[in-house]
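Both backbone and side-chain heavy atoms feed into the values below; hydrogens, waters and symmetry mates do not.
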Amino acid sequence: MPYRPVRSARSARCQEAAVRRLASVGGGRQGHTPTRPDTSRLWHITLSVSGPAAPLPDVRRGLEQLAHDHPFLLTSRYARDRAEIRYWEEARDLHDAAAVALRLWGEHRRTACLPPWEIVGLEVIGRETYHQRLAEGHGLPAAVPVGVHPF
């Protein structure tokens, strides 16, 4: 008989509450009125993950599969114990873009065979801010090609 961890009623309620909170990220923004409620905008996402060391070929293969599953990925950089993923997300506002970004790694962990790493950083910036940073000389160098690359 396969091993199945026993979940207490309390832990199940906590997990359900966490899922509800994540699904309603914008729920606590009282008085917030979006400038364009029915219009999506582009957001530049940088997601950083880290955890126990994994074989480099496995990390690369997982990130390549993630790029295939999520076609808007721009670039992924990786090492044995960490990775950084940059991509564009279309969302109504920053809260929605962040919620989607925070789910990306976990939702694709199994299908892309990604390492069991945790999210350790998230940056979400608007398109205008992204282009302003590039114009000021900040951000990834122009020579960084699109795709999956080691750090």
Identify the heavy atoms of Tyr87 and Phe72 that sit nearest to each other, and give their distance.
CB-O, 3.3 Å
Is the shortest heavy-atom distance from the side chain of Pro115 to the side chain of Trp105 under 4.5 Å?
yes
Hey, could you give me the CD1/CG distance between Ile125 and Leu42, rounded to the nearest 0.5 Å?
12.0 Å
Going by heavy atoms in the side chains, are Pro52 and Trp117 under 4.5 Å from each other?
yes
Measuring from atom CH2 of Trp88 to atom CG of Leu74, what distance do you get when rounded to the nearest 0.5 angstrom?
7.5 Å
Any chance you could measure Ser40, atom OG, to Glu90, atom CD, to the nearest 0.5 Å?
4.5 Å
Please tell me if the side chains of Ile119 and Leu102 come closer than 4.5 Å, counting only heavy atoms from C-beta onward.
yes
Please table the atom pairs, donor to acceptor, closer than 3.5 Å between any side-chain atom in residues 58-65 and protein atoms at least two apart or in another chain.
from  : atom 1 : to     : atom 2 : distance (Å)
Asp58 : OD1    : Arg61  : NH2    : 2.6
Arg60 : NE     : Glu64  : OE2    : 2.9
Arg60 : NH1    : Tyr78  : OH     : 3.2
Arg60 : NH1    : Val148 : O      : 3.0
Arg60 : NH2    : Glu64  : OE2    : 3.4
Arg60 : NH2    : Val148 : O      : 3.4
Gln65 : NE2    : Asp69  : OD1    : 2.8

Between Tyr130 and Trp43, is the gap from one ring center to the other below 6.0 Å?
no
Write down the atom of Leu56, the atom of Ala79, and the distance for their closest heavy-atom approach.
CD2-C, 3.6 Å
Got a second to check how far Phe151's CZ is from Asp81's CG, nearest 0.5 Å?
9.0 Å
Have a look at Leu47 and tell me which of Val120, Val124, Leu122 forms a side chain to side chain contact (heavy atoms under 4.5 Å, CB included) with it.
Leu122
Answer whether the closest heavy-atom distance between the side chains of Arg86 and His44 falls below 4.5 Å.
yes
Test of understanding: with side-chain hydrogen bond (donor to acceptor under 3.5 Å, both in side chains), list the residues that count as partners of Glu118, not counting sequence neighbours.
none
With no hydrogens and no angle check, just 3.5 Å: does a side-chain donor-acceptor pair link Glu128 and Gln132?
no
Hey, are the side chains of Leu104 and Leu66 touching, using non-hydrogen atoms and a 4.5 Å cut-off?
yes
Keeping the roles fixed (side chain from Thr75, backbone from Gly147), state whether a donor-acceptor pair exists under 3.5 Å.
yes
Are Glu107 and His70 side-chain neighbours, meaning at least one heavy-atom pair lies under 4.5 Å?
no
Set of side-chain hydrogen bond (donor to acceptor under 3.5 Å, both in side chains) partners for Arg133, sequence neighbours left out
Glu123
Atom CZ in Arg77, atom CD in Glu84: separation rounded to 0.5 Å?
4.5 Å
